[in-house]
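Start at 1 and go down the list; that is how both ligands and their atoms are numbered. Just so we're clear, the structure is a prediction, and the values are computed from it rather than from any experiment.
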Amino acid sequence: MGIRMRSILLLPVLFALAVSGESDPELDWWETTIFYQIYPRSFKDSDGDGIGDLNGITSSLEYLKEMGIGATWLSPIFKSPMYDFGYDIADFYAIQDEYGTMEDFENLMAKAKELDIKIVLDFVPNHTSNESVWFEEALKGHEKYYDYFVWENGTVDENGVMHPPNNWVSVFRKSAWEYREEVGQYYLHQFVIGQPDLNYRNPDVVEEMKNVVRFWLDKGVAGFRVDAIAHLFEVDKADFGGVYPDEPLTRNTDDPDSYDYLDHIYTKDLDETVEMVYQWREVFDEYKAKDGLTRVMMTEAYSSPQMTMKYFGNGERLGAQMPFNFVLISDVNGRSSAAEIKYALDKFLTFKPIDQHANWVAGNHDNNRVSSRFSPELVDGINMIVLLMPGIAVTYMGEEIGMVDGYVSWEDTVDPSGCNTDDPINYWMASRDPERTPFQWSADVNAGFSEGNKTWLPVAEGFENLNVEVQRVTDKSHLNVYKALSLLRTDKIFRYGRYESVAFNEGVFAFRRWYKNKAYIVVVNFRQEAYTIDLTYFEGVNKKVEVVISSIQSPKKAKDAFKANALEILGSEALVLKVD
Ligand SMILES: *[C@@H]1O[C@H](CO)[C@@H](O)[C@H](O)[C@H]1NC(C)=O
Ligand SMILES: *[C@@H]1O[C@H](CO)[C@@H](O)[C@H](O)[C@H]1NC(C)=O
Ligand SMILES: *[C@@H]1O[C@H](CO)[C@@H](O)[C@H](O)[C@H]1NC(C)=O
Ligand SMILES: CC(=O)N[C@H]1CO[C@H](CO)[C@@H](O)[C@@H]1O
Ligand SMILES: [Ca+2]
Ligand SMILES: [Ca+2]
């Protein structure tokens with residue numbers, strides 16, 4: 001009887017295997033595309049004021065098409081006093097004047113639709129601007145809006161001096177509490193003073209923010225990237241006798257103003273935050289049920305892998321399709337050995353649920369560019385990893401042409417993270433301006449970004465060569481390598497194929513992707529010295545390998561064939577090879 005039961009249970013499994021062996025599963029748009037992050041302020045200025053804008057993006061969308069990119073996520077375009085360049089939103093339902101009008105936004109959507117490019121917006125749910133109507137109303141004593149924020153009485157010491165309610169520190173240093181005379185209380189800001197945290201324990205806030213999501217989904221956006229998600233909820237003070245408790249010390253630093261001074265057990269990564277993500281996914285899925293289009297959610301959290309995976313869902317409920325994988329930003333750099341690279345890349349693949357996709361992010365508007373964190377020679381190698389690893393690729397604008405961090409003097413520095421250091425010597429280590437300099441379209445004045453007399457940030461050095469126009473017509477250029485990778489990525493091997501990786505030695509990291517009996521190998525040398533490697537390590541590799549794509553400094557050309565058991569790989573060289 002035992003045996004009979006087993007054969008009955010096996011039948012459907014075998015049937016499923018037979019079916020999948022013949023036809024590949026259909027993949028949804030977001031599972032195969034490349035997401036290109038545009039920082040609107042720096043992409044393209046259409047009216048000469050030195051600031052990028054929506055019309056600039058609309059006129060440049062064909063460039064994305066040219067690269068084979070099917071989706072873009074835009075950093076915030078909403079009304080803002082710009083203390084944190086749009087991450088401090090004054091009106092979630094309006095476009096910032098200097099970026100354009102709602103009509104310009106609708107034109108952008110129309111053009112994107114024509115080109116079949118999906119538009120994803122940035123959702124900044126943790127806080128508003130201190131100049132939002134909501135906060136202004138709160139200050140005037142309007143009770144509904146008072147409850148939109150997190151308020152607390154100060155503590156008074158024996159000398160009658162008032163202090164913040166507790167020891168909580170903001171991500172950008174110093175107390176996370178700011179006193180307001182009008183209210184006689186402190187409000188919470190996990191980021192800068194101009195970014196009061198919203199109170200997610202108030203159901204009106206939860207509903208309001210869902211309405212924000214619905215407002216833009218109604219305008220046709222294909223999803224949201226959710227900013228700073230880990231900071232959404234703070235503990236419920238009712239659970240602590242009515243006062244927000246002090247956070248414990250990490251003992252990592254003696255500086256009480258430093259975010260690292262405290263272990264953020266009451267203000268970061270709370271379970272309620274994950275629950276909120278599941279609720280937003282339900283809103284997205286309401287829309288999918290109506291028109292069949294999947295809306296994607298990307299969540300930004302610099303958290304442990306265990307925590308990051310919770311955003312995918314919990315088995316019963318769904319969450320984000322793309323909890324961002326930041327290992328290429330947080331875990332490794334140009335000094336990392338091949339083994340460290342392998343270890344970092346394996347991390348997300350190891351922890352992720354088996355039925356979900358990984359995603360690969362090598363840069364964004366908050367981190368130095370790949371050419372600084374790795375090296376200018378490794379730009380192509382990193383793009384090979386981002387585009388050819390199993391999963392979804394995300395590219396920050398400019399990484400496809402190998403842009404370098406701009407030099408921005410102390411006088412020209414505008415990022416609050418840089419300015420808040422009050423340090424004209426070391427500000428550049430905290431400033432995010434260098435990775436936000438204008439996009440380099442051509443060798444013309446202002447790198448073709450703007451026809452104005454000045455740009456909001458100076459153009460980075462090297463734009464005479466590191467620009468789209470020059471790289472389009474240069475045979476071996478970062479842009480052409482990127483385009484070749486983007487095309488290769490559409491091959492079934494990269495959509496469905498399996499993955500295996502190895503660190504051959506201190507410098508050379510390699511991985512194999514294979515499907516049925518076809519395979520490709522990607523080899524990246526993270527050191528400046530040459531090595532000879534034996535690729536017959538990989539199953540199915542015997543005599544020869546053929547070059548398909550090579551990094552721009554590599555002397556090897558497409559179609560060159562090499563003996564697989566003794567391939568010489570030069571310093572910083574990166575190759576995509578076909579197995580013969
Ligand atoms: C804050 O202090 C006021 C008196 O100054 C008091 O009436 C109020 O109950 C206190 N609020 C909280 C939440 O402790
Ligand atoms: C908002 O906060 C900023 C500091 O980030 C401050 O300079 C500004 O005066 C504040 N505005 C209001 C209306 O409180
Ligand atoms: C740029 O400067 C020139 C000379 O100062 C001036 O004539 C022109 O109007 C300026 N252009 C813009 C777009 O501001
Ligand atoms: C890592 C990080 O903090 N990213 C963003 C979080 O939100 C703040 C405020 O909205 C932004 O300034 C950061 O860019
Ligand atoms: Ca402009
Ligand atoms: Ca919060």
Evaluate whether atom NZ of Lys79 has more than 12 neighbouring non-hydrogen atoms of other residues, nucleotides or ligands under 6.0 angstrom away.
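Not more than 12 within 6.0 Å, no.
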Which one holds for Glu136 and ligand 2: side chain close, backbone close, both close, or neither close, with close meaning a heavy atom under 4.0 Å?
neither
Under a 3.5 Å threshold, yes or no: a donor from one side chain and an acceptor from the other, between [X] and [Y]?
{"X": "Asn167", "Y": "Glu247", "value": "no"}
{"X": "Asp405", "Y": "Ser372", "value": "yes"}
{"X": "Tyr83", "Y": "Glu131", "value": "yes"}
{"X": "His478", "Y": "Asp380", "value": "yes"}
{"X": "Thr58", "Y": "Asn55", "value": "no"}
{"X": "Asn166", "Y": "Trp177", "value": "yes"}

Tell me, which N, O or S atom in [X] is closest to the Ca ion (ligand 5)?
{"X": "Asp45", "result": "OD1"}
{"X": "Asp49", "result": "OD1"}
{"X": "Asp53", "result": "OD2"}

Tell me the nearest of Asn130, Ile193, Asp84 to atom 6 (C) of ligand 2, using heavy-atom distances.
Asn130
Please verify whether a non-hydrogen atom of Arg180 lies at under 4.0 Å from ligand 2.
yes
Kindly indicate whether atom 2 (O) of ligand 1 is approached by any protein heavy atom to under 4.0 angstrom.
yes
Which residue is it: Asp122, Asp227, Asp88? I am looking for the one with a side chain to side chain contact (heavy atoms under 4.5 Å, CB included) to Pro76.
Asp122
For Tyr302 and Phe326, take the angle between the two ring planes, folded into 0 to 90°, and tell me which bin it lands in: parallel under 30, tilted 30 to 60, perpendicular over 60.
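Tyr302 and Phe326: parallel rings.
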Shortest protein contact, [atom] (heavy atom only):
{"atom": "atom 4 (C) of ligand 2", "value": "Gly194 N, 4.2 Å"}
{"atom": "atom 11 (N) of ligand 1", "value": "Asn153 ND2, 2.9 Å"}
{"atom": "atom 9 (O) of ligand 2", "value": "Tyr83 OH, 4.3 Å"}
{"atom": "atom 13 (C) of ligand 1", "value": "Lys237 NZ, 3.9 Å"}

Angular separation of OD1 (Asp47) and O (Ile51) seen from the Ca ion (ligand 5), to 10°:
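OD1 of Asp47, the Ca ion (ligand 5) and O of Ile51 span an angle of about 150°.
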What do you reckon, does Val192 have a nitrogen or oxygen under 3.5 Å from a nitrogen or oxygen of ligand 2?
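So ligand 2 has no N or O lying under 3.5 Å from an N or O of Val192.
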